[in-house]
Amino acid sequence: MQWTLVIPLKPLARAKSRLADTAADGVRPSLALAFAQDTVAAALACQSVKDVAVVTDDALAGRELSALGARIVPDTPGSGLNAALRHGAAAVRASRPESPVAALNADLPAVRPLELARVLDAAAEFPRAFLPDAATIGTTLLAAAPGHELAPAFGLDSRARHAASGATELALVGVDSVRQDVDTGADLRAALALGVGPRTATVAARLLIPDQ
């Protein structure tokens with residue numbers, strides 16, 4: 001099974017505010033874009049991925065991610081993460097109704113194509129499935145097989161919310177790169193330890209990442 005990934009990305013100027021302790025205001029948009037670029041590039045290199053749709057209204061991000069091969073879907077609802085994901089999944093299935101779709105976070109700069117393939121191949125066994133984040137509170141990937149709605153419930157305590165919605169939690173080991181999203185300085189250090197993509201590495205090299 002080959003998946004279409006739906007990746008939401010808010011305007012870069014408003015992205016990654018929780019990295020304020022690590023990156024200055026002028027750097028955070030560059031970091032957010034680098035995260036998304038490395039995430040999309042890795043996703044498109046994954047053998048289980050057919051294509052990637054990025055839901056965003058950010059013009060710069062749209063140009064850069066389109067150049068990598070992603071389809072850009074305007075965030076017409078403009079009503080937050082879950083609305084953007086529902087809109088993106090609907091746009092994909094308007095042309096391919098039986099397409100399996102999966103929502104993937106845009107801030108997975110360490111994601112490895114082979115690990116992502118393992119997660120998607122495991123998700124293919126269930127109508128809906130999700131992967132918890134490294135903190136075991138949130139979600140980095142939510143998948144819906146053909147004939148099933150994505151029904152995203154991202155946000156506070158999304159791991160519990162997705163489980164309550166009937167999605168199957170994927171209890172996989174060895175997929176740390178797919179679980180390591182980046183919201184804080186500690187998250188960024190963890191991602192760097194795993195090994196990030198080239199664009200994130202370039203931007204992060206300009207930062208002083210203090211130990212805690």
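Just so you know, residue 1 is the first one in the sequence shown, and it goes up from there.
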Which pair of non-hydrogen atoms, one from [X] and one from [Y], has the smallest distance, and what is that distance?
| X | Y | answer |
| --- | --- | --- |
| Ala124 | Met1 | CB-SD, 4.0 Å |
| Phe126 | Ala145 | O-CB, 3.7 Å |
| Ala163 | Phe130 | N-CE2, 3.7 Å |
| Ala151 | Leu142 | O-CD2, 4.0 Å |
| Ala89 | Leu150 | CB-CD2, 4.2 Å |
| Ile7 | Ala106 | CG2-CB, 3.5 Å |

Transitively linked via ILVMFWY side-chain contacts under 4.5 Å: [X] with [Y]?
| X | Y | result |
| --- | --- | --- |
| Leu104 | Leu170 | yes |
| Val111 | Leu68 | yes |
| Leu81 | Val6 | yes |
| Leu194 | Val196 | no |

Rounded at 0.5 Å granularity, tell me how far [atom1] in [X] sits from [atom2] in [Y].
| X | Y | atom1 | atom2 | value |
| --- | --- | --- | --- | --- |
| Thr200 | Leu33 | OG1 | CG | 9.0 Å |
| Thr168 | Leu131 | OG1 | CG | 12.5 Å |
| Glu64 | Gln37 | CD | CD | 5.5 Å |
| Ile137 | Asp157 | CD1 | CG | 7.0 Å |

Do the side chain of [X] and the main chain of [Y] share a donor and acceptor less than 3.5 angstrom apart?
| X | Y | result |
| --- | --- | --- |
| Ser99 | Val101 | no |
| Thr56 | Gly62 | no |
| Thr140 | Asn105 | no |
| Ser158 | Arg161 | no |
| Asp57 | Asp75 | yes |

Under 3.5 Å, which donor-acceptor pairs do the side chains of residues 40-50 form with other protein atoms, sequence neighbours left out?
unit_1 : atom_1 : unit_2 : atom_2 : d
Ser48  : OG     : Asp121 : OD1    : 2.9

Can you find a pair of side-chain heavy atoms, one from [X] and one from [Y], that are under 4.5 Å apart?
| X | Y | answer |
| --- | --- | --- |
| Leu85 | Val55 | no |
| Arg199 | Val203 | no |
| Lys16 | Leu31 | no |
| Leu141 | Leu116 | yes |
| Leu65 | Leu9 | yes |

>> side chain to side chain contact (heavy atoms under 4.5 Å, CB included), that's the test. Do Val54 and Val73 meet it? Break it down for me.
In response: CA-CA 6 Å; Val54 176; Val73 178; over 6 Å; no
> Does the side chain to side chain contact (heavy atoms under 4.5 Å, CB included) test come out yes or no for Leu5 and Leu120, once each step is laid out?
Replying inline: CA-CA 10 Å; Leu5 301 188; Leu120 292 170; 4.2 Å; yes
> Is the CG atom of Leu60 crowded by more than 12 outside heavy atoms at less than 6.0 Å?
Replying inline: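 Count over threshold, so yes.
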> Of all residues at least two apart in sequence or in a different chain, which pass the ring-ring contact (aromatic ring centres under 6.0 Å, His included) check with Phe154?
Replying inline: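 Counting only residues at least two positions away or on another chain, Phe154 forms a ring-ring contact (aromatic ring centres under 6.0 Å, His included) with His162.
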>> Going by side-chain hydrogen bond (donor to acceptor under 3.5 Å, both in side chains), Asp51 matches just one of Gln2, Arg96, Arg71. Which one?
In response: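 So the option named by the test is Arg96.
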Enumerate donor-acceptor pairs with a distance under 3.5 Å from any side-chain N or O in residues 171-182 to protein atoms, sequence neighbours excluded.
unit_1 : atom_1 : unit_2 : atom_2 : d
Ser177 : OG     : Arg112 : N      : 3.0
Ser177 : OG     : Glu115 : OE1    : 2.7
Arg179 : NE     : Pro132 : O      : 3.2
Arg179 : NH2    : Asp133 : O      : 3.0

